[in-house]
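Because the structure is predicted, anything quoted here is derived from the model rather than measured. Quick note on labels: first sequence line is chain A, next is B, and so on, each numbered from 1.
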Amino acid sequence: AQKVTQAQTEISVVEKEDVTLDCVYETRDTTYYLFWYKQPPSGELVFLIRRNSFDEQNEISGRYSWNFQKSTSSFNFTITASQVVDSAVYFCALSEAKGAQKLVFGQGTRLTINP
Amino acid sequence: NAGVTQTPKFRILKIGQSMTLQCAQDMNHNYMYWYRQDPGMGLKLIYYSVGAGITDKGEVPNGYNVSRSTTEDFPLRLELAAPSQTSVYFCASRPLEGLNEQFFGPGTRLTVL
């Protein structure tokens with residue numbers, strides 16, 4: 001069975017600090033996808049990134065970066081120079097690569113950026 | 001495109017009442033999904049559909065029913081509401097080919113008292 005663990009329930013930092021959100025996953029599939037979603041206080045889910053299990057290159061998008069390490073089954077998310085608008089709950093998720101590609105979510109990390 | 005729409009946004013039910021949560025998408029997506037998000041938790045899959053007339057159970061299907069008579073609509077039915085069904089319900093859709101991230105609706109917040 002697939003499983004995603006986000007060990008950090010809540011993180012609070014001061015604005016402009018860097019922060020890393022951890023994600024560890026379990027799967028027996030050799031091919032799979034990993035995702036990060038953001039849920040701001042308004043409640044909607046915002047897609048941030050998708051990573052194919054064959055692609056272990058790190059990715060950077062502005063202040064956001066993702067570190068995928070297959071050897072440790074981790075897909076960590078770093079926000080550089082955090083801003084108050086980054087305050088949200090962040091979910092890591094895993095899906096099979098074939099068929100319905102049902103998402104399995106972690107329990108989420110609530111990130112609070114204090115001014 | 002409106003994307004994925006859900007109605008209602010909020011609803012309060014009494015124990016034993018029934019209701020249908022509506023979900024529609026205008027992107028011609030084949031796959032549609034229903035998830036629930038309990039307080040402080042991640043989303044869990046209730047049911048999903050790979051196309052009109054085809055549905056299947058997810059991780060937490062008990063107490064729910066679905067139907068998919070058209071590509072656009074994927075309603076979720078609660079027959080006998082229970083307090084354990086108090087949750088936020090999200091509908092999502094995904095195309096058959098190409099981009100494989102799921103597009104989520106805004107959610108329906110349901111309280112059963």
Are B/Val66 and B/Ile46 linked, directly or through other ILVMFWY residues, by side chains that come within less than 4.5 angstrom of each other?
yes
Mind listing the closest non-hydrogen atom pair of B/Glu101 and A/Tyr37 along with its distance?
CB-OH, 4.2 Å
Between B/Gln37 and A/Gln39, do the side chains contain an N or O donor and an N or O acceptor separated by less than 3.5 Å?
yes
Just to verify, what does A/Gln2 make a side-chain contact (heavy atoms from CB on, under 4.5 Å) with, not counting sequence neighbours?
A/Thr27, A/Asp29, A/Leu94, A/Glu96, A/Val104
Examine A/Ile79 and A/Phe75 and state if one hydrophobic cluster contains both, with Ile, Leu, Val, Met, Phe, Trp and Tyr joined whenever side-chain heavy atoms are less than 4.5 Å apart.
yes
Tell me the closest heavy-atom pair linking A/Gln101 and B/Arg94, and the distance in Å.
OE1-NH1, 3.5 Å
Measure the spacing between CG of B/Leu43 and CD of A/Gln107 and express it to the nearest 0.5 Å.
12.5 Å
Mark yes when over 12 heavy atoms from residues, nucleotides or ligands other than B/Met27 sit less than 6.0 Å from its CE; otherwise mark no.
yes
How many angstroms lie between atom NZ of A/Lys102 and atom CD of B/Gln102, to the nearest 0.5 angstrom?
11.0 Å
Verify whether the ring centers belonging to B/Phe104 and A/Phe47 lie closer than 6.0 Å.
no
Shortest non-hydrogen separation from A/Ala100 to B/Tyr48 and the atoms involved:
CB-CE1, 3.4 Å
Do A/Phe105 and B/Leu45 come within less than 4.5 Å of each other through their side chains, counting heavy atoms only?
no
Counting only N and O atoms by type, is there a donor-acceptor contact under 3.5 Å from the side chain of B/Tyr35 to the main-chain atoms of A/Leu103?
yes
A/Trp36 reachable from A/Ile11 in the ILVMFWY side-chain graph, under 4.5 Å edges:
yes
Comparing B/Gly40, B/Pro106, B/Gly42 against chain A, the one with the most heavy-atom pairs below 4.5 Å turns out to be B/Gly42
Taking B/Ile15 as the starting point, is it possible to reach B/Leu78 by hopping between hydrophobic residues whose side chains are less than 4.5 Å apart?
yes
Find out if a path of hydrophobic residues (ILVMFWY) with successive side-chain heavy-atom gaps under 4.5 Å connects B/Tyr33 to B/Tyr89.
no
